[in-house]
Structure formats: structure tokens, C-alpha cells
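Only this structure's heavy atoms are used, side chains among them; waters, hydrogens and symmetry mates stay out.
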Amino acid sequence: MYYGKMTKELEKLYLEYEKVLGHRPDACEDAEYGEDEYDEYIEDIKKALKLKTALPNLYPHDDEY
């Protein structure tokens, strides 16, 4: 989930993410980004698109093993 501002850049990334992964990045409840984490959120979306993986898969939890 993302709790910050919406920008034109973010709207474009949302459309691309949905096209590639089948859902919007803000639907990922396992990934949390606050209002002050816009730059990190943008970079993570770009990285997820490059790797063709959902946001939560970028930072797996250690407690899953």
C-alpha cells in the first residue's frame, strides 16, 4: 500500500505495472510505503517492472524460512 501523493509519473508506472503484472502496485498489501517514501516507491516499482515481479517479492521476509 502507498499512502502518498499521486503524480503523472506514478500514474504512468501504475498503468505499466498493471499491464505487465496484472494488478496495480497499490494492491500489494505486503508492501507498505508512507507519504514520505515517494522516491523509494517509484524506484521499487521500476525495479519490479524490470524484474517482472510483484513489489513484495523485492524484499522477502526472513521469517518465511
Side-chain angles (χ1 to χ4, degrees):
M1 306 279 309
Y2 173 63
Y3 301 101
K5 63 186 174 186
M6 178 57 71
T7 65
K8 293 284 186 192
E9 177 184 28
L10 191 51
E11 286 177 13
K12 182 179 175 185
L13 287 170
Y14 272 25
L15 291 173
E16 186 177 351
Y17 188 100
E18 187 169 18
K19 182 178 178 182
V20 171
L21 296 165
H23 59 87
R24 291 169 45 116
D26 59 347
C28 298
E29 294 182 12
D30 293 339
E32 294 275 330
Y33 296 86
E35 291 180 33
D36 60 339
E37 296 176 302
Y38 175 82
D39 292 335
E40 293 156 30
Y41 186 50
I42 292 289
E43 291 306 313
D44 282 352
I45 292 173
K46 289 178 181 179
K47 184 176 181 179
L49 286 168
K50 182 178 179 180
L51 298 172
K52 293 184 170 70
T53 191
L55 284 176
N57 296 336
L58 295 178
Y59 307 103
H61 299 292
D62 291 334
D63 58 3
E64 293 179 357
Y65 301 103

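A search for salt bridge (charged side-chain N to carboxylate O under 4.0 Å, His left out) contacts involving E9 returns K46, not counting sequence neighbours. Taking the side chain to side chain donor-acceptor pair (under 3.5 Å) definition, one finds that D26 meets it with R24, sequence neighbours left out.
Side-chain atoms of E32 and Y3 form a donor-acceptor pair, as typed in the model, at a separation below 3.5 Å.
Taking hydrophobic clusters as Ile, Leu, Val, Met, Phe, Trp and Tyr residues chained together by side-chain heavy-atom distances below 4.5 Å, Y59 shares a cluster with Y41. Under the 4.5 Å side-chain heavy-atom criterion for grouping Ile, Leu, Val, Met, Phe, Trp and Tyr, L49 is not connected to L15 through any hydrophobic cluster. If you chain together hydrophobic residues whose side chains sit under 4.5 Å apart, Y14 and M1 never meet in one group.
Atom OG1 in T53 sits 6.5 Å away from atom CG in L58 (nearest 0.5 Å). The CD1 atom of I42 sits 12.5 Å away from the CD atom of E37 when rounded to the nearest 0.5 Å. To the nearest 0.5 Å, atom CG of residue L51 and atom CG of residue L21 are 10.0 Å apart.
Shortest non-hydrogen contact noted between V20 and K52 is CG1-CG, 4.1 Å.
Ring-plane geometry between Y2 and Y38 is classed as tilted, the angle between the planes lying from 30 to 60 degrees on a 0 to 90 degree scale. Taking the six-membered ring for Trp and thresholds of 30 and 60 degrees, H23 and Y17 have ring planes more than 60 degrees apart, a perpendicular arrangement.
In E35, the CD atom is not crowded: 12 or fewer heavy atoms of neighbouring residues, nucleotides or ligands sit closer than 6.0 Å.
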